[in-house]
Amino acid sequence: MMASAESITAEHGLTTTAPGRPMVRRKRRGNSVTLGIVGWVVGILFFFPVLWMVLTSFKTEAQAYTNTPSVVFSPTLSQYKTVFSSGLWPYVANSAFATIVSTLLVLLLATPCAFALSLRPVKKTRDVLFFFISTKMLPVVAAIIPIYIAARNLHMLDNIFTMVILYTAINLPIAVWMMRSFFLEVPGELLEAAQMDGAPLRRTMTEVILPVVAPGIAATALICSIFSWNEFFFAVNITATKAATVPVFLVGFISSEGLYFAQLAAAATVATLPVVLAGWVAQRQLVRGLSFGAIK
Amino acid sequence: MAEVTYERATCFYPGAEKPAVDGLDLAVKDGEFVVMVGPSGCGKTTALRMLAGLEEIDDGSILIDGNDMVGVPSRDRDIAMVFQNYALYPSKTVGENMGFALKMHGVDKEERARRVREAAKLLDLEDFLDRKPRNLSGGQRQRVAMGRAIVREPKVFCMDEPLSNLDAQLRVQTRTQIAELQRRLKITTVYVTHDQVEAMTMGDRVAVMRSGHLQQFASPTELYDHPANVFVAGFIGSPAMNRLDGTLTPDGISVGGVTVRPPDAIMHAAQGHSQLVVGIRPEHLSIGEGHLDVQVDLVEDLGSDFYVYGHRADDTGATVIVRAGREHPRPGEAIKIKIDTARLHLFDAVTGLRIGE
């Protein structure tokens with residue numbers, strides 16, 4: 001980061017105009033060093049809890065508890081063994097099912113919706129968009145009782161399909177907003193060109209528009225997956241044994257007999273891995289999503 | 001191959017007070033290259049988009065080969081369009097871009113490949129068929145956009161300022177290529193531009209538009225020699241025609257305190273129009289003894305010609321432009337200018353319309 005800031009300074013040729021004014025150059029470099037340090041501090045501050053979680057997961061419970069936390073220790077895999085032997089897999093399966101199915105549903109519904117709201121706007125488009133986002137303004141806690149009662153009366157408590165429906169509903173507004181902003185980047189002439197070329201709407205979508213917004217779809221899918229994978233509040237309240245997801249599994253390590261800190265850290269690390277992997281795989285697509293300019 | 005006829009074609013944009021195109025009447029012959037030209041906002045692009053089916057025809061109609069196009073979707077009009085920013089499909093290769101319309105019309109794969117290759121050969125794109133648009137230069141993208149239109153062998157080409165994203169040199173080169181290609185293919189073409197040089201050099205006939213109205217529709221020479229009104233006189237030709245206020249007197253026409261005597265035919269036609277706009281092209285003025293006293297402000301060097309910009313000694317407002325040779329005066333000099341009275345254009349100052357033939 002600092003290196004790049006320096007090279008920018010050099011690139012902008014401050015040296016060429018500098019002979020009489022070396023002060024400017026020194027000041028600029030000073031600024032970029034300060035910014036670099038601030039950047040690193042903020043970065044470490046954000047990354048530290050994650051690092052601490054991973055470190056703790058390799059400790060014994062006793063080591064995890066020492067006051068003046070120990071940084072040097074002999075790592076153990078015993079916490080991971082416990083986690084994997086304590087019935088993790090059904091929870092992972094539930095989470096994976098709810099995440100994948102709800103994300104697919106969201107994409108299926110949000111894509112045509114975002115298309116209409118961005119490329120074929122009508123008078124009330126803004127109101128519709130506001131309505132979508134307004135559903136996010138209600139605190140989740142306020143919705144839990146009606147949802148719980150509805151699920152109970154429909155005999156759908158502790159049912160993974162309930163979670164699929166809920167996650168789809170929760171993610172839909174965000175997905176529509178995100179995808180809309182990507183669709184807005186598509187030049188209208190592309191649609192017109194397809195129209196002139198005689199492509200019906202469905203072919204225009206599949207052959208022209210979707211390949212262009214693919215990075216945006218990937219970004220949206222990733223965000224929706226992360227939300228669904230990590231969702232805790234609904235999961236803990238309306239699932240019990242059959243449909244419980246990974247976040248609910250994590251809570252199991254906070255028991256009445258005490259806190260299993262190292263085990264919790266190991267379980268949390270395992271729970272984080274799929275999301276990190278997904279993000280890493282999607283990275284290239286996401287970066288392309290930010291460099292839309294190539295079409296214009 | 002088709003005739004295109006605008007019949008009082010009108011287009012309103014929602015919320016606009018005046019129509020973008022107002023009662024346009026225009027008949028384009030089969031195989032003709034017609035250029036619509038005018039300043040921005042004159043309705044030329046809207047008129048083109050109405051033909052392409054991208055804009056509603058709110059009143060009147062547009063006929064292609066006698067068939068009314070009102071309500072007919074773009075894909076059923078058999079029109080190909082070249083867009084200003086080309087609108088190439090970024091995810092498709094050059095070949096796929098060019099063949100897309102054929103694919104949508106159910107042309108089989110072999111025939112498609114053959115026609116794409118043919119068009120690519122015509123446009124010197126054979127080596128680029130497998131590339132994506134983002135890996136092409138501006139000029140190559142422009143040719144792909146042309147290719148996409150050519151491959152279809154449509155009834156009509158619509159071109160919306162297809163050269164405006166190219167640099168000056170390439171623009172001139174591509175200009176002649178497009179004109180030549182059109183003459184070879186003999187496909188009726190409607191071409192929109194704001195550049196009057198493009199219009200003059202490319203079009204068989206040129207439609208000059210302003211504020212949604214057709215001003216004049218004629219051959220480039222006719223537009224230059226017989227502009228129908230003051231607007232066309234000022235718009236066509238570079239540098240623009242000199243336009244000076246004049247009044248009719250018994251002895252001739254008084255311009256800036258000097259009386260000039262045009263030929264009798266012009267004088268005769270001018271009877272009854274007391275307030276006049278006198279138009280004269282820069283090449284029909286000469287420096288030497290003559291009618292007007294002019295103070296030189298600026299000399300523009302075009303290599304082959306020099307244009308002298310000045311103002312009349314008694315009127316700082318109106319600019320006078322004179323074409324001069326290498327022996328031109330310097331800025332600040334006072335010169336006398338002679339008017340070739342046989343080449344005067346007279347317009348009514350109130351209506352702006354041309355007086356006489």
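Excluded from the calculations below are hydrogen atoms, water molecules and symmetry mates; all remaining heavy atoms, backbone and side chain alike, are included. By convention in this document, chain letters (A, B, ...) are assigned in the order of the sequence lines, proteins followed by strands, and residues within each chain are numbered from 1.
- By the 30° and 60° cut-offs, the orientation of the rings of Tyr191(B) relative to Phe33(B) is tilted.
- For Arg49(B), the part lying near chain A is the side chain, with the backbone staying farther off; criterion is any non-hydrogen pair under 4.5 Å.
- Ion pair Asp197(A)/Arg152(B) flagged as a salt bridge, since at least one NZ, NE, NH1 or NH2 atom sits closer than 4.0 Å to an Asp/Glu carboxylate oxygen.
- The candidate from Arg148(B), Glu96(B), Lys132(B) with the greatest count of non-hydrogen atom pairs under 4.5 Å with chain A is Arg148(B).
- Of the residues considered (Gln84(B), Lys103(B), Met81(B)), Lys103(B) shows the highest number of contacts with chain A, using heavy-atom pairs under 4.5 Å.
- Remark: Arg114(B) does not engage Glu110(B) in a salt bridge, criterion side-chain N to carboxylate O under 4.0 Å.
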Please lay out, stage by stage, how Leu51(B) and Ile79(B) fare under the test side-chain contact (heavy atoms from CB on, under 4.5 Å). CA-CA 9 Å; Leu51(B) 171 60; Ile79(B) 290 178; 4.0 Å; yes
